[in-house]
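Structure, as structure tokens:
Keep in mind that the numbers below use all heavy atoms, side chains included, and drop hydrogens, waters and symmetry copies. Only a predicted model underlies this, so the values are computations on that prediction, with no experimental measurement involved. Each residue takes its place number in the sequence, starting with 1.
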Amino acid sequence: MPGRPTDLPLSGITVVSVEQAVAAPFATRQLADLGARVIKVERPGDGDFARRYDTTVHGESSYFVWLNRSKESITLDLKTDAGREILERLLAEADVFVQNLAPGAAARLGLAPEALAERFPSLIPAGLSGYGTSGPWADRKAYDLLVQCQTGLVSLTGNEHGTARAGISVADIAAGMYLYSGILTALFTRATTGVARAVEVSLFEALAEWMHQPAYYTRYGGTQPPRIGTRHATIAPYGAFTAADGRDVLFSIQNEREWVALCERFLERPELATDPRFATGSDRVAHREELDALVAERFARLDSATAGKLLDEAGIANAGVNDMTEFLAHPVLDARERWRDVEIPGGRQVPALLPPADLSGTSPRMDAVPAVGEHTEAVLAELGYGPADLDALRAGDVI
């Protein structure tokens, strides 16, 4: 495959993935970024249904373009004997097998970790599920919003007027990150011990890990953190304040030094630093409304640029509340050259962000996003299938 690297950390590692949607493709794309060969198995015809989530990127899905660069796409109907035979031949040469099939589907196809271990003892099976492969919810389907609800995240997100989902697919992203790190750990374990261990991650348990702090707060505080928009349940002042020009500036006080600096250099009210209402972090939270009113009054007399400058001079981190257009033009991304062009189906180029983890002396792989089944013939030719074999497989709707 053009662009396949030989000098990246995972060069020489082959990943076969029967994947769809967000979480599993996010994990495998990161493996591809590091040089792994990722062979993505899709359904004949439409392929991964994430290809049809939207058509905003020159006719392609914004989700699919984000998650699937640097992969090879082949199509296989795994419900056919011929399709399963091809998958078996791929797995015999692979290092990692990733799947996020519907509950029970992997076992029905003979792809459960135990079955794979018998046939391919050096293969690392990595599975992603909604609620785990055991327990009372093993057979339940799940997707991001359901998991945000089940972990309690939605009950914390929003404001006094109502709940809200997080604006991005946080459960999918969390699960994909843990699947990625689990696969890296399994590869390291195999390299050092010779033992190939299976990896299992569920969307629910991945996001549950992120919920520890509010869970502790609720268990030991007697009530869960309130929904308060950009404010914080245990820190004050914290959140967005509107400046005189109508723009919001967000900041928070992280320690007592910053509190004193805020009073002296931003609020120009040094006496507030020792006011009994605001003497400690807990006092400031208890008197949040009074404190926020004082801060808001000061912001109302300053434009956003001046407010940000004064906070900077006081050593207090702050930021404007960007919309997506402002994010796309962010000076940090531009100055640090974080954008790279990636080809999408049809030959057009779109900018993509470099992976966030920079490894010194290496450049991540940023190859094209594949069309459905673009690499089917090439990959099957590697397995020994000739033109007549391919014609027969197409005639049987296997590929």
Side-chain angles (χ1 to χ4, degrees), residues 1 4-20 23-42 68 70-76 78 81-101 104-129 132-134 175-202 359 362 364-365 367 375-376 378-385:
M1 177 183 177
R4 191 182 301 163
T6 59
D7 58 349
L8 286 173
L10 296 184
S11 62
I13 297 295
T14 297
V15 179
V16 174
S17 188
V18 181
E19 61 179 29
Q20 56 195 357
F26 187 41
T28 57
R29 196 218 74 195
Q30 293 175 91
L31 297 171
D33 289 342
L34 291 178
R37 181 186 190 185
V38 176
I39 300 173
K40 180 184 179 81
V41 178
E42 302 189 65
N68 290 283
S70 303
K71 299 179 185 179
E72 298 170 66
S73 169
I74 71 169
T75 53
L76 287 179
L78 297 180
D81 291 341
R84 289 193 297 275
E85 179 186 346
I86 293 170
L87 181 63
E88 291 277 317
R89 294 177 67 173
L90 287 170
L91 294 180
E93 304 295 327
D95 298 281
V96 180
F97 171 60
V98 175
Q99 61 84 17
N100 64 336
L101 294 163
R108 290 193 297 272
L109 292 170
L111 300 174
E114 300 79 12
L116 291 173
E118 292 181 3
R119 304 198 301 278
F120 313 109
S122 65
L123 181 71
I124 295 168
L128 194 145
S129 65
T133 55
S134 62
M177 288 300 300
Y178 288 120
L179 189 64
Y180 166 62
S181 62
I183 290 169
L184 293 180
T185 303
L187 285 168
F188 178 79
T189 300
R190 191 186 68 172
T192 54
T193 69
V195 177
R197 298 192 182 279
V199 180
E200 180 186 346
V201 175
S202 78
L359 299 179
T362 66
R365 185 178 174 196
D367 289 349
H375 304 93
T376 302
V379 171
L380 266 59
E382 292 180 37
L383 297 177
Y385 289 84

Practice task
Report yes if the side chains of L109 and L87 come closer than 4.5 Å at any heavy-atom pair, otherwise no.
Solution key: no
Handout entry: Heavy-atom closest contact (L179 atom, A126 atom, distance)
Key = CD1-CB, 4.0 Å
Practice task
Give a yes or no answer on whether the side chain of R84 reaches the backbone of L78 with a donor-acceptor pair at less than 3.5 Å.
Solution key: yes
Handout entry: Beyond-backbone contact of L184 with L31, side-chain heavy atoms, under 4.5 angstrom
Key = yes
Exercise for the section: State, yes or no, whether a side-chain contact exists between F97 and L90 at a heavy-atom distance under 4.5 Å. Expected result: no
Fill in the blank from the handout: One should read off an interatomic distance between I183 CD1 and R190 CZ, to the nearest 0.5 angstrom, of 11.5 Å
Handout entry: Main-chain N/O of I74 paired with H375 side-chain donor or acceptor, under 3.5 Å
Key = no
Handout entry: Donor-acceptor contact below 3.5 Å, side chain Q99 vs main chain A106
Key = no
Handout entry: Side-chain ion pair, E93 and R37, N-O less than 4.0 Å
Key = no
Completion exercise
N68 and P25 have their tightest heavy-atom pair at OD1-CB, 4.0 Å
Fill in the blank from the handout: Output for pair (L123 CG, E118 CD), nearest 0.5 Å, gives 13.0 Å
Practice task
Over all heavy atoms of both residues, which pair between V15 and A36 is shortest? Give the atoms and the distance, please.
Solution key: CG2-CB, 4.2 Å
Practice task
Begin from the C-alpha positions of E19 and K71 and carry the test salt bridge (charged side-chain N to carboxylate O under 4.0 Å, His left out) through to its verdict.
Solution key: CA-CA 12 Å; E19 61 179 29; K71 299 179 185 179; 2.9 Å; yes
Practice task
Report the distance from atom OG of S11 to atom CZ of R365, rounding to the nearest 0.5 Å.
Solution key: 10.0 Å
Practice task
Would you confirm whether R119, through its side chain, and A92, through its main-chain N or O, come within 3.5 Å as a donor-acceptor pair?
Solution key: no
Handout entry: L34, V199, T185, V98 screened by side-chain contact (heavy atoms from CB on, under 4.5 Å) with Y180, the one that passes
Key = L34
Completion exercise
In this structure, CG of L187 is separated from CG of D95 (nearest 0.5 Å) by 7.0 Å
Problem - Distance (rounded to the nearest 0.5 Å) between S73 OG and I39 CD1 - result: 10.5 Å
Problem - Sidechain-backbone polar pair: D7 side chain, T362 backbone, donor-acceptor under 3.5 Å - result: no
Fill in the blank from the handout: Nearest heavy-atom contact between I124 and A196 is CG1-CB, 4.1 Å
Exercise for the section: Decide if atom CZ of R197 counts as having more than 12 heavy atoms of other residues, nucleotides or ligands within a radius under 6.0 Å. Expected result: no
Practice task
Please report the closest heavy-atom contact between P113 and A198, naming both atoms and the distance.
Solution key: CB-CB, 4.0 Å
Exercise for the section: Indicate yes or no for a side-chain donor-acceptor contact from R89 to the backbone of L383 under 3.5 Å, with no hydrogens or angles considered. Expected result: yes
Practice task
Please report the closest heavy-atom contact between S202 and G132, naming both atoms and the distance.
Solution key: CB-N, 3.4 Å
Fill in the blank from the handout: Here the gap from Y178 atom OH to L128 atom CG, rounded to the nearest 0.5 Å, amounts to 13.0 Å
Practice task
Answer yes or no: is there a donor N or O on one side and an acceptor on the other, between the side chain of T14 and the main chain of A94, under 3.5 Å?
Solution key: no
